[in-house]
Amino acid sequence: MTALAARLKRRVQAAGPMSVAEYMSACLLDPADGYYTTRMPFGAAGDFTTAPEISQMFGELAAVWLFAAWEASGRPAPVLLAELGPGRGTMMRDMLQAWARLDRDNAAKLEIALVEASPQLAALQRQTLGPLAGKARWHASVEELPGGPTLFVGNEIFDALPVRQYQFAGGRWHERVVGLDEKGELSLMLGPGAPDPKALPQGVPAPERAVWEVSPAREVLMEQVAGRLEAHGGAGLFFDYGHLEPAYGDTLQAVRKHRPEPVLASPGEADLTSHVDFSALAATAQRHGLDAWTATQGDFLLAMGLLERAGRLGGGADAEAQARIRGEVERLAGPDAMGTLFKVLAVAKPEVKLPALRSTAAS
Ligand code: SAH
């Protein structure tokens with residue numbers, strides 16, 4: 001049993017069951033035993049591999065889009081590039097290298113911010129950035145960022161923010177909670193109270209056992225981003241896995257050493273995420289007067305020039321390097337890899353005409 005599991009059991013004994021969101025939050029960010037606060041999650045030796053860790057092309061093509069968004073915003077200078085949840089710092093490094101090639105005259109006078117909740121990962125990001133770290137500032141939340149036009153970017157940040165789950169059973173909705181079973185083990189069960197009707201899906205009656213996920217934490221983060229874009233201008237670009245339309249389903253999942261495991265099996269030692277409801281995030285942005293665009297990751301990367309970039313990197317390289325680059329393209333954009341499951345959401349004020357994404361109609 002993990003140290004965190006023992007503490008969570010004592011907490012449930014003392015204070016009763018907790019919401020799935022409270023459980024997720026403790027597992028990921030508990031200061032003493034949380035996953036992001038104590039472990040090194042990424043890469044082949046870690047628990048999961050993210051797009052920036054697969055290929056430099058991912059960060060480079062994000063930079064191409066961000067640069068176009070900066071130009072479409074009227075080239076404000078200085079402009080802040082703020083990455084949310086930067087992991088190892090790889091994407092920021094690759095974006096900055098690409099940005100330097102795109103903005104040779106340094107017209108953007110780019111300022112750099114990394115928003116990271118884990119002090120351990122912030123230290124790793126500083127290391128990855130090397131000499132580029134001199135210009136960068138670290139912040140624990142979006143609220144701490146300085147004002148001014150901002151280009152927000154984030155990969156797999158929303159999926160790491162906690163969700164609450166509701167289940168339809170016996171003709172009504174219940175909140176799913178983490179309690180203790182008869183053997184004293186952590187167990188998912190239905191809570192006694194009636195959930196807030198505003199949190200529940202409207203309209204069509206749900207099928208028996210349907211699960212509905214909502215994430216106030218994701219909405220708050222999008223509110224913060226959208227509020228800043230509304231006030232100061234700029235744009236936001238977010239990659240994550242999830243669905244473009246609202247859908248029922250229990251999508252909470254734990255991954256450890258590249259394998260799925262039960263979500264209650266080892267609190268604090270496995271990554272815990274759930275699918276992102278992009279329509280909810282887009283609606284939040286639209287409430288702030290922003291436009292929202294969505295695409296699959298594959299379509300986005302192809303539109304930004306993935307194949308051309310791969311061709312350039314591979315040109316003159318040996319057969320082994322060319323095969324590696326082809327493999328990277330396949331993993332990032334292939335329909336059976338990340339290309340379709342992963343989506344992109346872009347947000348900006350309506351006057352900023354952004355390239356290459358499908359507009360999401362206001363809901
Ligand atoms: N973007 C990186 C890492 C994704 S994992 C990549 O693609 O490789 C999620 C990241 O978000 C981690 O860096 C984690 O520490 C950070 N994070 C999780 N919750 C956060 C929060 N509430 N605020 C800021 N960062 C958070």
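Note: hydrogens, waters and symmetry copies are ignored here, and every other heavy atom, side chains too, is used. For ligands, and for the atoms within them, numbers begin at 1 and follow the listed sequence. If you read the sequence from its start, that first residue is 1, and numbering goes on from there.
Contact annotation: E116 has at least one heavy atom less than 4.0 Å from an atom of ligand 1.
Under the 6.0 Å cut-off for aromatic ring centres, F58 and F239 qualify, their centroids lying closer than that.
For the residue pair R309/S55, the side-chain donor-acceptor check at 3.5 Å is not satisfied. Side chains of S19 and E22: a donor-acceptor N/O pair is present below 3.5 angstrom, by distance only. Using modelled atom types and a 3.5 Å distance limit, the side chains of R287 and T284 yield a donor-acceptor pair.
Using a 4.5 Å heavy-atom threshold, the side chains of P41 and F48 count as touching.
Selection from A117, G89, G59, G85 by nearest heavy atom to atom 23 (N) of ligand 1 gives A117. Closest heavy-atom approach to atom 8 (O) of ligand 1 within the set V115, T50, L121: this belongs to T50.
In this structure, E328 pairs ionically with R324, as a charged nitrogen and a carboxylate oxygen lie closer than 4.0 Å. Ion pairing of R137 with E111 is absent here, as no side-chain N (NZ or NE/NH1/NH2) approaches a carboxylate O to less than 4.0 Å.
Remark: minimum distance from atom 7 (O) of ligand 1 to any protein heavy atom is reached at N155 ND2, 2.7 Å. Of all protein heavy atoms, the one closest to atom 19 (N) of ligand 1 is L29 CD1, 3.7 Å. Annotation: atom 26 (C) of ligand 1 to nearest protein heavy atom, I157 CD1, 3.5 Å. In this structure, atom 9 (C) of ligand 1 lies nearest to the protein heavy atom E156 O, 3.3 Å. If you check which protein heavy atom lies closest to atom 22 (N) of ligand 1, you get L161 CD2, 3.5 Å.
In the vicinity of G87, heavy-atom distances shorter than 4.0 Å reach the ligand 1 atoms 2 (C), 3 (C), 13 (O).
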